[in-house]
Amino acid sequence: DIHGAWAPRSPRGRREHIVVEFEFPVWIKTFEVYETYNPGSVVLISAFSPTNEWIELWVGESSQADVGTVSRIFQPQITPPNFPVKIVRVEMDTTDSSSWSEIDAMKITGFLIWDSTTDKKESEA
């Protein structure tokens, strides 16, 4: 258990989510979730689109029974969207959790958009 890590409202038995907003929009290549306690509850990662819809980047099943309680960096194989990402939603299923499932950080990797008036001026994030 890490003081300051994000945890769902309830330690077990429900689906919950966290929405994070990054400072800059990124043409996303990878996404990492730093699960610090009871990992394996992440079941859905979505990006908020310019058309105000949640677009699925990755979906899976809870793997808490398989990964134990040791911290991990979860980097699922995402499907990159056709737009730069600034807001991400991570959904957790704690139905089978033995205790709190905690997230300490999230990392987005890709190419930054420096100037929205040009579509070629990019830099790796």
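V88 and V26 fall within a single hydrophobic cluster, where Ile, Leu, Val, Met, Phe, Trp and Tyr side chains are chained together by heavy-atom contacts under 4.5 Å. Transitive grouping of hydrophobic side chains (ILVMFWY, heavy atoms separated by less than 4.5 Å) keeps I87 and M106 in distinct clusters. Under the 4.5 Å side-chain heavy-atom criterion for grouping Ile, Leu, Val, Met, Phe, Trp and Tyr, V90 is connected to V20 within one hydrophobic cluster. No chain of hydrophobic side-chain contacts below 4.5 Å, direct or via other Ile, Leu, Val, Met, Phe, Trp or Tyr residues, connects F83 to W54. One hydrophobic cluster, built from ILVMFWY side chains closer than 4.5 Å, cannot hold both V59 and I78; they sit in different ones.
Remark: W27 CH2 to N82 CG distance equals 6.5 Å, nearest 0.5 Å. S49 OG to I55 CD1: the interatomic distance, rounded to the nearest 0.5 Å, is 4.5 Å. Here E91 contributes atom CD and W58 contributes atom CH2; the two are 10.5 Å apart, rounded to the nearest 0.5 Å. A distance of 10.5 Å separates CD of E32 from CD1 of I45, quoted to the nearest 0.5 Å. Here F74 contributes atom CZ and I103 contributes atom CD1; the two are 10.0 Å apart, rounded to the nearest 0.5 Å. Note: R72 CZ to Y34 OH = 13.0 Å, rounded to the nearest 0.5 Å.
Residues I28 and P80 approach most closely at O-CB, 3.4 Å, considering heavy atoms. Here the shortest heavy-atom pairing between S62 and V43 reads N-CG1, 3.4 Å.
Side chain of E35 to backbone of G40: a donor-acceptor contact under 3.5 angstrom is found.
The number of heavy atoms from other shown groups lying within 6.0 Å of CD (E23) does not exceed 12.
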Check the pair R89 / F48 against side-chain contact (heavy atoms from CB on, under 4.5 Å), numbers first and verdict last.
CA-CA 8 Å; R89 175 182 163 136; F48 196 64; over 6 Å; no
Check the pair L44, E56 against side-chain contact (heavy atoms from CB on, under 4.5 Å), reporting the backbone distance first and the verdict last.
CA-CA 7 Å; L44 180 64; E56 185 179 285; 3.7 Å; yes
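Residues I73 and K107 fail the side-chain proximity criterion, which asks for heavy atoms closer than 4.5 Å. Side-chain contact between L57 and F31 is absent, with no heavy-atom pair separated by less than 4.5 Å.
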